[in-house]
Colleague: 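Below is the structure I would like to discuss, written out as structure tokens.
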Protein chains: 2
Amino acid sequence: MRCTISDIARIAKVSKATVSRVINNKSEGVSPETAQRIREIIEELGYRPNSLARSIANSRAKMLGLVIPDITNPFFPNLVRGIEDYANSCGYTVFLCNTDNNPEKEEQYLLSLIDKRVDGIILVSTTSQSCTLEQLNKYNIPFVLVDRPLTNEYIDLGVYANNYKGVYTAVEYLIGCGHRDIAFLGGTRKVITTTERFEGYRDALRDANIPLDKSLVKFGDYSIASGIAMMEKLIEEKAGFTAVMAGNDLIAIGAVKALRHHRIKVPDQCEIIGFDGIELTEIFDPAISTVVQPIYEIAIESAKLLIGKINGEITSSRKIIVEPTLVLRATTRNNKTQE
Amino acid sequence: MRCTISDIARIAKVSKATVSRVINNKSEGVSPETAQRIREIIEELGYRPNSLARSIANSRAKMLGLVIPDITNPFFPNLVRGIEDYANSCGYTVFLCNTDNNPEKEEQYLLSLIDKRVDGIILVSTTSQSCTLEQLNKYNIPFVLVDRPLTNEYIDLGVYANNYKGVYTAVEYLIGCGHRDIAFLGGTRKVITTTERFEGYRDALRDANIPLDKSLVKFGDYSIASGIAMMEKLIEEKAGFTAVMAGNDLIAIGAVKALRHHRIKVPDQCEIIGFDGIELTEIFDPAISTVVQPIYEIAIESAKLLIGKINGEITSSRKIIVEPTLVLRATTRNNKTQE
DNA sequence: ATTGTAAGAGTAACCGGTTTCGTTCAATAA
DNA sequence: TTATTGAACGAAACCGGTTACTCTTACAAT
């Protein structure tokens, strides 16, 4: 049966305090013999301290919350893995929450995490302004934002990719290849990263003195289906373009599929660059050229930040911007990686 | 600041018991006016009950453990999603644990879940016999096994795909198409599902009076790289085969890549069928014909089983076998789905 | 022999809730 | 008017741990 510290104490004929000391390896105050005896009893009975009880006693749960839109989105498994790995190595376990980009679900999950008194939260937020964050602040729960910045006064820890520069570099590359008619297929306008990426595109064109052609710019959402739809529309509208900057890899894949469906050769007739660098881009045939975010590194960095904050090692506000890398593969003609 | 039930009680000039009654909507014993007043104070102070404390008070954590090999493996996100969705709808949150197929990690995670006194565990196990399960049993923590059966006396709840029949049907289909030289590219022999799938292959050949050609059978692991390696070997050995049954979809994709690399046309010169039905099979070009496991359904079913057991609605042993479906796509010639 | 000190261990309060049981008091029945 | 009843609520024990504080006792120092 389930046994408690009292059971162990009773059997060992000592007090709960002594057993507790042994459990926590506080050697002071316990003779080696007593400690040994208690340890043997613990071993024999297979006793495991109730970590919930410990958590409430010393108000440290050793648990983290991880709130993301959807684990089914190929961008996130690696992020989750990285965070889980690092957290685990520090003795934390992590709660996974999928919000489906639904602000209500996000709110509900955050509250649930507050209720559990998690030590910290890593959040890829859907909403651009969550009032629950106020609550987090009130309950003194540290959190770090990943991928998507929020416009909120409480934010002080974050890890973001340099979306602007990533797209800027990619578009600059395309321009350098001689393209002037470059389409932009963006994701949902609801998230700020979409805007950042678009601005990278816009400014790269501007800096090359290429006027922005609005008919070459589409927005949808970050899915293959949307990529197909946007590209279909582009083709239908007979837009003249020779290259495409996609808002993410899924859109890029969708675009490739649509182009192929219309017998437009990639990269011969149209070069395409994606964004994110999910594994799929390597697997897909043709392998997608893309702006790679170091997802695992972002994950580790954010977990490190959070746990640093929890441990009081980080007190100031801190934003980490990671630089993405342009990786050229089979959807661009010159298949070598940029510096 | 963080406030507790005592704070609320003090401010409302009632006892903790009364506040507790209000929190739990136990209308008996509290006048509507008092309840209302307390609710207002709770609202105003943004008080949230500490669910850890509640958990230990009524020894129900409302938490589930989910132990899988690797969320990065495209098979698992959907499983995780399904389980999380169902659990969440029942008021449970879930801990995610990645074991990397490492028995030690699995052990460690299971212990950690025991320590947290989760109400139940869903386990895709690495080891074929885990002694920690004994511990689970001892602590009376219900668990359900998914995907991989264990040879252990404590197992009584499980959800598995009919691997044998899935492969049998697929191979039978290939034979029906006239193939006699069908290769089998299996995953790691460490998991029982590999054997089950192989046996489906073996028996389908046997029942068609086709002798088993050992040179057409390879084992590796469940990855694209392994699929490529096995296929390369097959080609190198100049094995004469006209169709391939892959141990899973990643192997199938690897095989397709290798074949394509050798300018062997799929499906014209070689038909291929995968297993699992991960999303990638639809995205990949050519779309992979595969034996689809209803992953989301498996997830829901296993969560349902677990929560049923937790609630005492399920008392007997129960194994659910889900039947996979053969879905024909672009790696087989006759692109229509079998019944 | 007396005092001082520190190691070993126990007592009890505490963490933040739930729940049983008992008390108070007003409304109703006799 | 008195007994009965039940609604409203409080006191206190409990869940399973941690920890500040106190008490013994043995041993060294004076």
Side-chain angles (χ1 to χ4, degrees), chain A residues 1-39 41-42 45-63 112 114-119 139-141, chain B residues 1-39 41-42 45-63 112 114-119 139-141:
Chain A
M1 267 305 87
R2 240 170 240 238
C3 59
T4 74
I5 199 172
S6 305
D7 297 326
I8 304 296
R10 186 164 28 75
I11 294 169
K13 298 198 197 341
V14 295
S15 73
K16 292 198 300 176
T18 303
V19 178
S20 177
R21 288 185 192 106
V22 172
I23 291 171
N24 295 291
N25 287 317
K26 309 214 167 161
S27 47
E28 320 122 27
V30 185
S31 74
E33 303 80 45
T34 311
Q36 185 52 32
R37 183 159 48 90
I38 293 174
R39 257 189 273 274
I41 293 173
I42 287 176
L45 270 70
Y47 164 71
R48 304 236 93 212
N50 182 327
S51 66
L52 263 49
R54 307 177 85 170
S55 292
I56 123 151
N58 51 32
S59 37
R60 278 219 146 197
K62 282 293 201 173
M63 304 190 300
S112 148
I114 291 176
D115 292 351
K116 293 210 158 54
R117 302 296 190 269
V118 293
D119 301 299
Y139 272 89
N140 230 318
I141 299 178
Chain B
M1 265 303 90
R2 240 170 241 240
C3 59
T4 71
I5 198 170
S6 305
D7 297 327
I8 304 295
R10 186 163 30 72
I11 294 168
K13 298 199 198 337
V14 295
S15 71
K16 293 198 301 176
T18 302
V19 179
S20 176
R21 287 185 191 108
V22 172
I23 291 170
N24 295 290
N25 286 317
K26 309 212 170 166
S27 47
E28 320 122 27
V30 185
S31 74
E33 302 80 45
T34 311
Q36 186 51 30
R37 183 161 47 91
I38 293 174
R39 257 188 274 273
I41 294 174
I42 287 177
L45 271 71
Y47 163 71
R48 301 237 97 212
N50 182 327
S51 65
L52 263 48
R54 307 177 85 171
S55 292
I56 123 151
N58 51 31
S59 35
R60 278 217 147 199
K62 282 292 199 174
M63 304 191 301
S112 147
I114 291 176
D115 292 352
K116 293 211 158 54
R117 303 296 190 269
V118 294
D119 301 299
Y139 272 88
N140 230 320
I141 298 178

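Keep in mind it's a predicted model, so treat the numbers as computed, not measured. Values below: all heavy atoms of this structure, side chains included; hydrogens, waters and symmetry mates excluded.
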Colleague: A:Ile114 has an atom CD1; how far is it from atom C1' of C:dG17, in whole Å?
Modeller: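 Taking atom C1' of C:dG17 as the reference, CD1 of A:Ile114 is at 18 Å.
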Colleague: So, using salt bridge (Lys or Arg N to Asp or Glu O under 4.0 Å) as the criterion, who are the partners of A:Asp119 when residues are at least two apart?
Modeller: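 Listed in chain order: nothing, the list is empty.
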Colleague: Which residues pass the side chain to side chain donor-acceptor pair (under 3.5 Å) test with A:Thr34, sequence neighbours left out?
Modeller: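 Checked A:Thr34 against side chain to side chain donor-acceptor pair (under 3.5 Å); matches are A:Ser31.
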Colleague: Using only side-chain N and O atoms of B:Thr4, determine if any of them is under 4.0 Å from OP1 or OP2 of C:dG16.
Modeller: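 The answer is no; no side-chain N or O of B:Thr4 sits under 4.0 Å from OP1 or OP2.
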Colleague: Return the value, rounded to whole Å, for the distance between atom CD1 of A:Ile23 and atom P of D:dG17.
Modeller: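 Atom CD1 in A:Ile23 sits about 6 Å away from atom P in D:dG17.
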Colleague: Specify the separation, in whole Å, of atom NZ of A:Lys26 and atom C1' of D:dA20.
Modeller: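 After rounding, the gap between these two atoms is 11 Å.
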Colleague: Separation of A:Arg10 atom CZ from C:dA9 atom P, in whole Å?
Modeller: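 To the nearest whole Å, that distance equals 19 Å.
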Colleague: Tell me, please, which residues at least two apart from A:Arg48 pass salt bridge (Lys or Arg N to Asp or Glu O under 4.0 Å).
Modeller: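 A:Arg48 satisfies salt bridge (Lys or Arg N to Asp or Glu O under 4.0 Å) with B:Asp115 only.
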Colleague: Going by heavy atoms closer than 4.0 Å, what residues in residues 51-63 of chain B are next to DNA chain D?
Modeller: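 Heavy-atom contacts with DNA chain D come from B:Ile56, B:Ala57.
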Colleague: Report yes if the side chains of B:Pro49 and B:Arg54 come closer than 4.5 Å at any heavy-atom pair, otherwise no.
Modeller: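 Yes, at least one pair of side-chain atoms sits under 4.5 Å.
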Colleague: Evaluate the side-chain proximity of A:Arg117 to B:Arg2: yes if any heavy-atom separation is below 4.5 Å, no if none is.
Modeller: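 In contact.
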Colleague: For the pair made of CZ in A:Arg117 and P in C:dG17, what is the distance, rounded to whole Å?
Modeller: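 After rounding, the reported distance stands at 6 Å.
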Colleague: Which residues satisfy the side chain to side chain contact (heavy atoms under 4.5 Å, CB included) test with A:Asn58, sequence neighbours excluded?
Modeller: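 If we apply the side chain to side chain contact (heavy atoms under 4.5 Å, CB included) test to A:Asn58, skipping adjacent residues, the hits are A:Arg60.
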Colleague: If we only count heavy atoms from C-beta on, is the A:Thr18 to A:Arg21 side-chain gap below 4.5 Å?
Modeller: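 Yes, their side chains come closer than 4.5 Å.
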Colleague: List the residues meeting side chain to side chain donor-acceptor pair (under 3.5 Å) with B:Arg39, not counting sequence neighbours, and say none if there are none.
Modeller: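 Not a single residue meets the side chain to side chain donor-acceptor pair (under 3.5 Å) criterion with B:Arg39.
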Colleague: Quick one: list whatever passes side chain to side chain contact (heavy atoms under 4.5 Å, CB included) with A:Ile56, sequence neighbours left out.
Modeller: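 A:Ile56 satisfies side chain to side chain contact (heavy atoms under 4.5 Å, CB included) with B:Leu52, B:Ala53, B:Ile56 once adjacent residues are dropped.
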Colleague: Return the value, rounded to whole Å, for the distance between atom CD1 of B:Ile5 and atom C1' of C:dT19.
Modeller: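 Atom CD1 in B:Ile5 sits about 11 Å away from atom C1' in C:dT19.
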Colleague: Taking side chain to side chain contact (heavy atoms under 4.5 Å, CB included) as the definition, give me every residue that meets it alongside B:Ala57, ordered by chain and number, with sequence neighbours left out.
Modeller: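 Expected list: none.
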Colleague: Shorter than 3.5 Å, N or O on both sides, protein versus nucleotides 5-9 of chain D: list them out with atom names.
Modeller:
residue : atom : partner : partner atom : Å
D:dC9   : OP1  : B:Thr34 : OG1          : 2.5
D:dC9   : OP2  : B:Ser31 : N            : 2.7
D:dC9   : OP2  : B:Ser31 : OG           : 3.3
D:dC9   : OP2  : B:Thr34 : OG1          : 3.1

Colleague: Kindly give the atom pairs (protein nitrogen or oxygen, nucleotide nitrogen or oxygen) under 3.5 Å for nucleotides 23-27 of chain D.
Modeller:
none

Colleague: For A:Ala12, what residues pass the side chain to side chain contact (heavy atoms under 4.5 Å, CB included) criterion, not counting sequence neighbours?
Modeller: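 Partners of A:Ala12 by the side chain to side chain contact (heavy atoms under 4.5 Å, CB included) criterion, ordered by chain and then number, come out as A:Val14, A:Arg37, A:Ile38, A:Ile41.
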Colleague: Grab the two heavy atoms, one from B:Ser15 and one from B:Ala9, that are nearest each other, plus how far apart they are.
Modeller: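 Between these two residues, the closest heavy atoms are C-CB, 3.7 Å.
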Colleague: Just how far, in rounded Å, is C1' of C:dG16 from OH of B:Tyr47?
Modeller: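 Rounded to whole Å, this separation is 7 Å.
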Colleague: Can you give me the closest heavy-atom contact between A:Ala61 and A:Ser55, atom names plus distance?
Modeller: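 Heavy atoms of A:Ala61 and A:Ser55 come nearest at CA-OG, 3.3 Å.
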Colleague: If we only count heavy atoms from C-beta on, is the B:Val22 to B:Ile8 side-chain gap below 4.5 Å?
Modeller: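 In short, these two side chains do not touch, never coming nearer than 4.5 Å.
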Colleague: Round to the nearest Å and state the distance from A:Lys16 atom NZ to C:dA9 atom P.
Modeller: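 Rounded to the whole Å, the gap is 18 Å.
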Colleague: Report the end-to-end axis angle of the helix from C:dA1-D:dT30 to C:dA30-D:dT1; each axis comes from five terminal pairs, and the value is rounded to 10°.
Modeller: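 Overall, the helix from C:dA1-D:dT30 to C:dA30-D:dT1 bends by 60° from one end axis to the other.
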